[in-house]
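Some notes on the structure that comes next.
When reading the values below, keep in mind they use all heavy atoms of this one structure, side chains included, and skip hydrogens, waters and symmetry mates. Order of the sequence lines fixes the chain letters, A, B, ..., with proteins taken first and strands second; residue numbering starts at 1 for each chain.
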Amino acid sequence: MSERRAAEIALSKLKDGDREALAVIYNCYGRMIFSVALGITENYTDAEDVLQETMIETVKYAHSYKEGTNPKAWVLAMARHSAIDLVRRRKNHLSLEDSAVESLESEETLGSLAPEIMDLLKKLDEDERQIIILRIYAELPFKDVAKAMDISVFAAQKRYQRALKKLKSISGGDFG
Amino acid sequence: MNKKEIKRILSGFDRVDMPNKDKILSSCPNAEEKASVRKGTGKRNALILAVAVAALLALVGCAAEVKEYNDAVTFFEEYSLSTDNLSRSEIKKVYRDIITEQFALEQTAVVILDQVKGYVVGVSVPSSEELKKVWDDLTVSNDGPYSWYYLDNEIEEEGIIRSGEMMFFKIIDCEVIWENKIPLRDGYVEDYVLFKKGKYVAVYGVYSPSARGSKNCGFIELFDAESGESLWRKIFDDYRHFSVSAVLPSEEGLVAFCRGDLENFVFVKLDLSGDIIHKNVTEIGNKGIWNVANFEDGYIMQLGSYQQNEKLVKVSDEGEISDGFSYSSEDTAYFITDMMEYGGKLYLSAYAVPKNGREIVSGHGEIVSVLDEIIDMYMIEIGEHPDAGFGLYAENLTEKLRENYTAVLLVCDSESGRPSEFYSIEGSVCGELSINEDGEMLWETEYISDSYYSPATSSFSIGGACHVYRHTFDKKGDLISSEKTGEVTDFRR
C-alpha cells in the first residue's frame, strides 16, 4: 500500500501546487520510469531524457490525475508515450544525419548496460516488449497495461500471452 | 523459461545506475526538494500524512473482527504509522481501503444475443414406453468416484447442539475404497477438485469454528487421491464470513475463488504444501461466485445473485477483475450453468427462458408464466369445465415447460470473449461441459420428459424428469454426434 498511498497523496498535493511532492513521486516511481524508458529506448541518455520529461509532465498534468486510479499506471503511461516519441524522433533524425549513428553507438546502450535484458527483449516486437516490461517488471494489472498502451484489456492479454509463448518457444524450455 | 525467470532477468534494470536525482528534479518547473530534516524517507512522511487524512474518513460500520484488527495493527506498526486518535474501526477501515481494490460491476457490457448465429439441435420426444419407466430410471447423479456425507456425532457445546463432522470418501463400483474424516463441525462441503493427473483431490467448503456460529470460515483439505491420506488442511478466517466458492488447479498448486464478508472477492493461490503464495482482494458487492473456468492465461468467473442476473467477468492470473459482460436479448433471458475453455474458445452452457414482457430471475422466477397459466386453470371451477383440475393439466404442463426452456451452448471468441454462434435444443435445460478420453468436448442437456405440479412443496413448485442427451464436439468445435444416454435426472423449479 504504502507506495501507492504515498503517491496518491503526493499527486493530490502536487495538484494544490506543492512542488515538494514531486520528490515523493520520484522516490516512488523514478526507478520504474527510468527502467521502462530504458527498455523502450535502449539508450541511457534517452532514458534519462524520458525520466526528466515524465517528471515535467507529472507537474504539468497533475490536475488531470483521477483520484482512486493507479498512480503508477498513470505515470508509466506518460513515460511510455514519451519514450516512444523520442525513439521515433531519433529514427527520423538519424536518417538525415548518418554521422549521428556513430555517436549513438558510443553511448551507453541497454546492450552494454544489461546484456541479459537485451538478449530477452530482442526476441520480441515493440508492443510485446512493452507489455512484458509493464506487466512483469512494473507489475501493472492488465487493465492498466491496456490503458497505457491504448488497447483493450483482451488485446493486452492476448499479446502478453503471445509474447510469453514466443519466449518459451525460443528458449525451448518448459514454461511455468 | 518461466515467468519467474523473466522477472529475474528484468530485475537487472534495478542494477543500472540512475541519473542524478537533483539534476532531474531541478529542471522541473518550480520543483525543489527542501533540505528539511525528516524523520524517515519522504515516503514515510507521506504515509504519516495518509493516516492523518484517513483519520478524517467517514466510518464504515463493520463488526469488530479480531483477526482483521490485529492484521491492521501489524500493518501500521510495520510502517511506523501512529494509531493515536484512531478508533478500532477506523484503523480497520484505513487498512481495508489500502489493500482492497474496488471493481464496479455496473461497468459491464451487455451482449445482445439476437444477432448471434445459431444452430438448432433436434432431440426426440420420449415414447410412451419411455415415459412409463422414466420415474423408475430417475437417479441422483454422482459426478465421480468421490463424495461426502455428514456424521451423526452431534455434540453439545455451550448449551448449543453442534452438527456432526464431515466424511469424504472414494467409491468405485459401489465399493468404498477409502474414507477420511474432515473434523470440522457446523459446516458443509461445497465441492472437490481432482488435479495433478488424479494424484490429489482437494475438498473445500465452509464451517463454523464455534458453537455460537458468529463466524464462518472457509477450508480446503488436500487428500492423496490414492490412499485417502490427509496431506494438509487450510483454514481461512480472515473475515467474519468467509466461503470458498470454487477451486481450480494451477501451475503451482491450487487457486481458490472465495467471498469475504459477502462483499469481497478474495483470490488466493496456494502451493502444493498449502501455503498461500498470492492473494488479491476486490470489493464486488453482494454477488455469489457461481462458476469459474480457465480462460486464456487467467479465468472467467460468473457472478450473480438471485435478485439480479449473473455477469461474467475476466479474472487475471493475479486475481484482478477486468471487463464484465452479461448476456441479454430483448425477449429472452439466459442463465449460464457451466463454462469451459476448449480449442481456444470459451463455451458457455446455458438455458434460455422467454421474458414474456418481464424481467426474469433464475430459479422460481423462470416458471412464473407457466404458473400463471396453472392458476388461470385452477380458477375454473372444478365440475364446471371438463378440462379443469390438476390431473389433466399435468399433460399440458410438460408441453408448457418445453415451450419455456431451451438449452443453449454459446461459443465465444477467445479474443473478445463475446459469443459468435450458439447451438440450441428446445424443451431442454443444460448440464455440464466436460472432456472425454479422446479429447472431445461433451455437452450434456436434459430434455423435459415428464412433469408435475406440486403447490404444497416448499422447495419447488414444478417437478419433473429429464432424459439426458450427450452432444460431442470435435477439436475444431464442430458438433459430431448427439445421443440419448439412458440416464434420467430430476427437474425442480
- [ ] Check each atom of B/Lys4 against the heavy atoms of chain A and say whether the ones under 4.5 Å are side chain, backbone, both or neither.
- [x] neither

Task: Geometric cation-pi criterion, A/Arg135 with A/Phe142: 6.0 Å, 45° - done: yes

Open item on the list: Side chains of A/Tyr137 and A/Ser35: any donor to acceptor distance under 3.5 Å?
Closed with: yes

TODO: With a 4.5 angstrom heavy-atom cut-off, could you sort out which part of A/Glu139 is near chain B: side chain, backbone, both or neither?
DONE: side chain

Task: Geometric class of the B/Phe257/B/Phe265 ring pair [parallel <30°, tilted 30-60°, perpendicular >60°] - done: parallel

Open item on the list: So A/Pro115 and A/Leu110, do their side chains get closer than 4.5 Å, heavy atoms only?
Closed with: no

Open item on the list: Please verify the inter-ring angle class for B/Phe267 with B/Tyr299; under 30° counts as parallel, over 60° as perpendicular, anything in between as tilted.
Closed with: tilted

Task: Heavy-atom pair count under 4.5 Å with chain B, highest-scoring of A/Ile117, A/Ile132, A/Ile136 - done: A/Ile117

- [ ] Just give me the residue among B/Ser316, B/Gly298, B/Pro19 that pairs up with chain A most often, heavy atom to heavy atom, under 4.5 Å.
- [x] B/Pro19

Task: Region of A/Gln52 in contact with chain B, defined by heavy-atom distances below 4.5 Å - done: both

